[in-house]
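One structure below.
Convention: sequence-line order gives letters A, B, ...; per-chain numbering from 1.
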Amino acid sequence: MAIRIYDTRTRSKRELVTLEEGKVGLYACGITPYSPSHIGHARQAISFDIIVRWLRNRGFQVNYITNFTDVDDKIISVANEEGVDYLEVANRNIDDYFRCMDSLNVIRADAYPRVTETIPDIIEMISQLLDKGHAYEADDGVYFEIDTSPEKYGLLTGQTLDMVRAGAGGRVSKTGAGKRDHRDFALWKLAKVGEPAWESPWGEGRPGWHIECSAMSLKHLGERFDIHGGGSDLIFPHHEAEIFQSECCLGHEPVVQYWVHNGMINVDGEKMSKSLGNFWTISDALGKVDPLILRYALINAPYRQPVDFNQVIVDDSESHHNRMFAAYRDGLMTKGKGDWGDFPDLVESASRFESGMDDDFNTRIAIVEVQNVTKILRALLEDGELQEKIVAATGWISNFAGDVLGLLPEDNEIISEFERTETERVDLAPIVERLLEKREEARLEREWERADRIRDELSKMGVVVEDGTDGATWRLSD
RNA sequence: GCACGAGUGGCAGAGCAGCUAUGCAAUGGACUGCAGAUCCAUGGACCCGGGUGCAAAUCCCGGCUCGUGCUCCA
C-alpha cells in the first residue's frame with residue numbers, strides 16, 4: 001500500500017511519490033542551540049525519527065538531513081551575558097542535544113550541517129538572489145524583496161500580503177531598519193562591533209535567519225527534494241521565507257514536494273514557555289521519567305496533534321510501557337523458534353499497524369496494535385504452553401515496538417539486566433525463602449498482623465510478595 | 001482582527017458516512033485475610049442549531065468554545 005503524507009502546502013494527505021524511485025530526500029529544521037534542549041525539541045526529533053524509520057522499513061533509501069543554526073542573535077546574547085565565545089554556547093548545547101536524543105533512541109541523521117560551516121554556500125545564494133533582482137542591499141544588510149514574487153506569499157499559511165500588513169500593526173518598526181517593506185526579511189546582517197562576522201561582498205556580517213536552511217538543503221539534497229519538515233511554529237515566516245529564497249534563486253518550483261510539520265507541546269493545557277514557568281528541558285523530564293517512557297508519551301498522539309504534557313500522560317505511558325516491556329522481557333527468555341507470520345491474529349495486527357503507519361505515520365494506531373499483541377503475549381506467558389507462539393509474539397514486538405517505534409532497549413541490554421537481577425535474586429533467595437516460610441506459618445494460623453509485618457520487612461529489602469494460587473511468589477521491586 | 005487547526009465516554013485518544021476502536025480509571029466476577037499481579041465481563045461518548053442522505057461523530061451551512069500562527073521559537 002502506498003504511503004500517504006499530510007502536506008501543509010496543499011492541506012491534504014497526498015500519496016508519497018518520490019522524485020527518484022525508492023529514494024527520499026528529507027530535510028528537517030533542527031535547533032538553534034542557545035539553551036538546553038526542551039521536550040518540544042524531543043517531539044520534533046522523535047516525529048521525524050519515526051518518519052525516517054518507517055520510510056526505511058518500507059524500503060526507501062532515506063537521506064535525512066537536519067541542521068544546527070549555530071550562530072544567531074540569541075546565541076550571541078547568551079554568550080555576551082556569560083562573557084564567552086558564541087561557539088562555546090552553541091557547542092555546549094549541541095552536546096546536550098545529542099546526549100538527550102541518544103537516550104531517547106533517536107537515530108542519528110545522515111548529516112548535521114551547521115550555519116558556520118555553510119557560509120560560502122549562503123553567500124553564493126544571496127549573490128544569485130541579488131543578481132536576479134529578488135534582493136537589495138541596504139545600510140544594515142541585504143534583504144529579500146517580497147514584492148518581486150508576491151504570488152508566493154501565503155503558500156503555506158493562506159495569508160495574503162494585505163493580511164500581514166494589517167496584522168502587524170505598529171510592531172514592525174524596530175525590525176530591520178533598512179527594509180523597504182516590513183515583510184521583507186534579512187538575508188545578510190552586517191555585524192555590529194564585537195559580533196561574530198564573516199567576509200562577504202556586502203561587508204562583514206552573518207546570515208539572516210532563513211537563508212541557511214535554503215542553502216543547506218540545496219547543498220545536501222539538491223535543487224529539488226522530497227520532504228521538508230520542522231515544527232509547526234516554523235511554518236511562518238521561516239518556511240515561507242525558504243520558499244521565496246530557494247525558488248527565486250533556483251528559478252523553478254516547487255523545490256520541496258511535501259511540507260511536513262509536527263505539532264507543539266503544551267503543558268497542562270498551556271503553551272510551554274519560560275515565562276509561564278512550565279518549561280521542561282529534556283534533562284528535567286529524564287530526571288523524572290525513563291527516556292523510553294518519555295518517547296512513548298510523545299508518540300502516543302500522531303505527530304501533527306498537539307500533545308498536552310502532564311503528569312497523567314506520563315503515568316499512563318509508564319504503565320503501558322512497563323506492561324509491554326515486562327511481557328517482552330519474559331518472552332525473550334523463552335527458548336525456541338517462532339515466526340509471527342504463521343499466526344493469523346499476529347498477521348492481522350501487523351497489517352493494521354502497517355496501514356496505520358502508511359496513513360501519515362499514525363503512531364496512535366500503531367500503539368494500539370502494540371497493546372494488542374502485548375495482551376496476546378501476556379496471555380500466552382500466563383498459559384505457558386505454545387512456546388512457538390510466545391517466540392512469535394515476542395518477535396512481533398521486537399520488530400514493531402522495537403525497530404519501528406524505537407520503544408525498546410537492545411535485547412542484549414535487556415538480557416544482561418535480567419541476568420544481573422537474577423544474580424541478585426539468587427543471593428537473596430535463602431533469606432527471602434525463610435521469611436516467606438515464616439509468613440506462611442503465620443498465615444496458616446491466621447495471624448495476619450505477623451504475616452503483614454514479614455511482608456513489610458521483605459518490602460524494605462526491595463522484595464515484592466505476590467500471593468497466588470500456588471502460594472506466594474516474589475520478585476525484586478524496580 | 002485575520003489565517004490555520006481542533007472540539008468524541010471520568011481521563012488520554014483513534015475513527016471521518018453504515019461494521020465492539022484501544023488503553024487507563026470505574027463497576028461486577030475469578031483468585032483472595034488484606035494488598036498486589038493476572039484473567040474474564042459490564043456500563044459509558046461523539047460542543048450547539050439547522051441541512052443533505054435510506055443512513056452523519058463522520059459531509060454542508062451557521063453559531064459557540066479552545067489551541068496555534070500573524071514577533072524569536074521544534
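- Note on R323(A): a side-chain N or O is less than 4.0 Å away from OP1 or OP2 of C24(B).
- Following rounding to the nearest Å, L298(A) (CG) and A12(B) (P) show an atom-to-atom distance of 16 Å.
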Between protein and nucleic acid, restricted to nucleotides 15-20 of chain B and to nitrogen or oxygen atoms under 3.5 Å apart, what atom pairs and distances do you find?
unit_1	atom_1	unit_2	atom_2	d
G15(B)	OP1	N362(A)	ND2	3.2

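- Proximity of S232(A) to the phosphate of A74(B): no side-chain N or O atom is located under 4.0 Å from OP1 or OP2.
- M264(A) places its CE atom 19 Å from the P atom of C4(B), with the value rounded to the nearest Å.
- Note: CZ (R304(A)) to C1' (C4(B)) measures 12 Å, nearest angstrom.
- Ranked by how close their nearest RNA chain B nucleotide is to the 5' end, S319(A) and R378(A) are led by S319(A).
- Not less than 6.0 angstrom separates the ring centroid of Y6(A) from the ring centroid of Y303(A).
- The distance between atom NE2 of H238(A) and atom P of C70(B), rounded to the nearest whole Å, is 13 Å.
- Each of D308(A) and G263(A) was assigned the nucleotide of RNA chain B with the nearest heavy atom; the assignment lying further toward the 5' end belongs to D308(A).
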Starting from the C-alpha separation in whole Å, work towards a yes-or-no answer on salt bridge (Lys or Arg N to Asp or Glu O under 4.0 Å) for R183(A) and D181(A).
CA-CA 5 Å; R183(A) 293 158 305 189; D181(A) 184 303; 2.6 Å; yes

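- Whole-Å rounding puts the I367(A) CD1 to A14(B) P distance at 11 Å.
- Within the 6.0 Å centre-distance limit, the rings of F185(A) and H210(A) are counted as a close aromatic pair.
- In this entry the distance linking CG of N266(A) with P of A6(B) reads 15 Å, nearest Å.
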